[in-house]
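Input: a single structure, listed below in structure tokens.
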Amino acid sequence: MKVLFCYRYGVLGGVSTQLLNRYTHFSAEFEIGVLYEADHGMVGHFPPGVARVAATDEAREAAIRQAAPDVLVVIDSPSFLSAWQRAGSPGSLILEVHTTTANLSYLGELSVSPGHIVTVSEYMRAKLGALGLAPISVVPNCLDERWYAETVPPALGSTPVAWIGKLDGHKRWRAAADLLDRIASARPRVTPLLVGGYTAPASEVSALTTKLATSPALGAARWLPRVDYDQMPALYSAIGANGGLTVSTTTDESFGMSVAEALVRGCPVIAPSVGALPEILPEEALYPPGDWAAAAAKALKALSDRDFRAALQSTASLVRERTHPEYALAAFANVLQRSAKSSKVA
């Protein structure tokens, strides 16, 4: 069975990395292809010929015609829907929804009826169900084998407290910088660490570097605009093994992949109680959205209280099970079977 996944852009993190995580296990069962509207370094992570860029409407239509998929999976990318229609609507259509933002508005303007809706959490199932969409299945995000490989974390000279995300309002990097400043002010041996942002607009990069240069407690901070995905498991392990943690300041999450990654690698997380995060984090890890004092208090406690650190990681085994690629493959295969049956009935 030919399955073609279509998404807006290939970039480290989020949906793009999710497709890469799926590839090895999914390709053992299906013929997998990936189309992006633009690429920022992800295409080369796939074997040659698996992933490609279709940068224009005409290119997207031609690529879908050429692929002749049995199943087209469109992920938060309306342009691929119209391209699929112009290509003659080959195969059955599955919509996969990860976004929690205003981009969801396109779902109310669909000119086609998908055979199935796929999303990544019970939170998102309820959100989409409220829009009148059906049928909906949950296929959780997954990790690949490198996340389960053992590493020997280096001993660092300080304790990292990390924030990982895009430099945008959704992830609230400005609130994150203030939170790291607050934590580092209370614990001088803490090294604030910000990871991400190499595709951010120049204005956001300028604002971040100015913040780092002018905030006294962030003088020892490290900003890593990009970390190769292969190095991320070791980075999380090093943070956790040196008594550190990660903090999240997100406004919403359909799943919370960076949170799941940290837990799997033994790194405690402090995060707001938003979106699907309560599905994968224990109550001890959650703070009321926007309550930065509570977030800082939990982070500081995690830096000094061993029992609290253990409590923060109490859901790690559940997350390991839920994010295993075989779990995702079984759930996705079930969706394909249901979609195929629906197509035959239609």
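These numbers come from a predicted model, not from an experiment.
Using the six-membered ring where Trp is involved, F26 and F5 have ring planes that are tilted, between 30° and 60° apart. The aromatic rings of Y236 and W147 are tilted relative to each other, their planes meeting at an angle between 30° and 60°.
Listed for the N242 side chain is a donor-acceptor partner under 3.5 Å among the backbone atoms of A238. Formation of a donor-acceptor pair under 3.5 Å by the K166 side chain with backbone atoms of A200 is not found in this model. For S27 (side chain) and Y23 (main-chain N/O), a donor-acceptor pair under 3.5 Å exists by modelled atom type. Judged by distance alone, with hydrogens and angles left aside, the side-chain atoms of R309 form a donor-acceptor pair with the main-chain N or O of G243 at under 3.5 Å. R65 contributes a side-chain N or O that, together with a main-chain N or O of R86, makes up a donor-acceptor pair within less than 3.5 Å. Checking side-chain atoms of S237 against main-chain N and O of A234 turns up no donor-acceptor pair under 3.5 Å. Between the side chain of R222 and the main chain of T191, no donor-acceptor pair closer than 3.5 Å is present.
For the pair D76 and V97, the minimum side-chain heavy-atom distance is below 4.5 Å. Looking at heavy atoms from C-beta onward, L143 lies in side-chain contact with M257 at the 4.5 angstrom threshold. For the pair M124/V138, no side-chain contact is recorded, criterion being any heavy-atom separation below 4.5 Å from C-beta on. Residues L4 and F80 are not in side-chain contact: their nearest non-hydrogen atoms beyond the backbone lie 4.5 Å or more apart. Between D178 and T249 there is no side-chain heavy-atom pair separated by less than 4.5 Å. Looking at L336 and F30, their side chains come closer than 4.5 Å, going by heavy atoms from C-beta outward. Side-chain contact check for T251 versus V274: every heavy-atom pair is 4.5 Å or farther apart. With a 4.5 Å cut-off on side-chain heavy atoms, S248 and P272 count as touching.
Closest of all the heavy-atom pairs between K2 and A68 is CD-O, 3.8 Å. Summarising the geometry of P160 relative to I239, their closest heavy-atom pair is O-CG2, 3.8 Å, with the distance given to 0.1 Å. In this structure, P135 and H116 approach most closely via the heavy-atom pair CG-ND1, 3.5 Å. Of all non-hydrogen atoms in A149 and R265, the two that sit nearest each other are O-NH1, 2.7 Å. The shortest heavy-atom contact between T214 and T210 is OG1-O, 2.7 Å. Pairing each heavy atom of I280 with each of G256, the nearest pair is CD1-O, 3.6 Å.
To the nearest 0.5 Å, atoms CG (L329) and OG1 (T24) are separated by 11.5 Å. Separation of atoms OG1 (T100) and OH (Y123) is listed at 6.0 Å; rounding is to 0.5 Å. With rounding to the nearest 0.5 Å, the separation of SG in C267 from CD1 in I164 is 7.5 Å. Rounding to the nearest 0.5 Å places CD of Q18 at 11.0 Å from OH of Y7. With rounding to the nearest 0.5 Å, the separation of CZ in R187 from CZ in R182 is 16.0 Å. Taking CD of E279 as the start and OG of S121 as the end, the distance is 5.0 Å to the nearest 0.5 Å.
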Query raised in the report: Taking it one step at a time, do L81 and L93 satisfy side chain to side chain contact (heavy atoms under 4.5 Å, CB included)?
Result: CA-CA 9 Å; L81 291 175; L93 174 66; 3.9 Å; yes
Requested in this report: Take S254 and T119, measure what side chain to side chain contact (heavy atoms under 4.5 Å, CB included) needs, and give me the verdict at the end.
Outcome: CA-CA 8 Å; S254 60; T119 193; 5.6 Å; no
Query - Working for ring pair (Phe, Tyr, Trp, His ring centres under 6.0 Å), residues H324 and Y148 - result: CA-CA 9 Å; H324 197 282; Y148 305 98; 5.5 Å; yes
Report task. Begin from the C-alpha positions of Y36 and S16 and carry the test side chain to side chain contact (heavy atoms under 4.5 Å, CB included) through to its verdict. Result -> CA-CA 9 Å; Y36 292 121; S16 297; 3.8 Å; yes
Requested in this report: Please assess L35 against R52 for the test side chain to side chain contact (heavy atoms under 4.5 Å, CB included), listing each intermediate value before the final yes or no.
Outcome: CA-CA 5 Å; L35 284 181; R52 54 184 289 197; 3.3 Å; yes
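Salt-bridge formation is detected for the pair E204/R174: a Lys NZ or Arg NE/NH1/NH2 atom is positioned less than 4.0 Å from an Asp or Glu carboxylate oxygen. The existence of a salt bridge linking R60 and D57 is confirmed by a sub-4.0 Å separation between a basic side-chain nitrogen and an acidic carboxylate oxygen. K171 has a carboxylate O that lies under 4.0 Å from a charged side-chain N of E253, or vice versa, which qualifies the two as a salt bridge. In summary, E96 and R22 engage in a salt bridge, as defined by a charged side-chain N under 4.0 Å from a carboxylate O.
Surrounding OH of Y327 are at most 12 heavy atoms belonging to other residues, nucleotides or ligands under 6.0 Å away. Counting non-hydrogen atoms of other residues, nucleotides and ligands closer than 6.0 Å to CZ of R189 gives a total of 12 or fewer.
Taken together through direct or relayed side-chain contacts under 4.5 Å among Ile, Leu, Val, Met, Phe, Trp and Tyr, L95 and L131 form part of one hydrophobic cluster. Connection of L318 to L286 is not established within any shared hydrophobic cluster, with ILVMFWY side chains joined at heavy-atom distances below 4.5 Å, either directly or through further cluster members.
With side-chain heavy atoms closer than 4.5 Å counting as contact, directly or through intermediates, the hydrophobic cluster containing V161 also holds W163, L167, W173, L179, L180, I183, V190, L194, V205, L208, L212, L218, W223, L245, V247, I270, Y287, W292, L300, L303, F308, L312.
Judged purely by distance below 3.5 Å, without hydrogens or angles, the side chains of E37 and S79 pair a donor atom with an acceptor atom.
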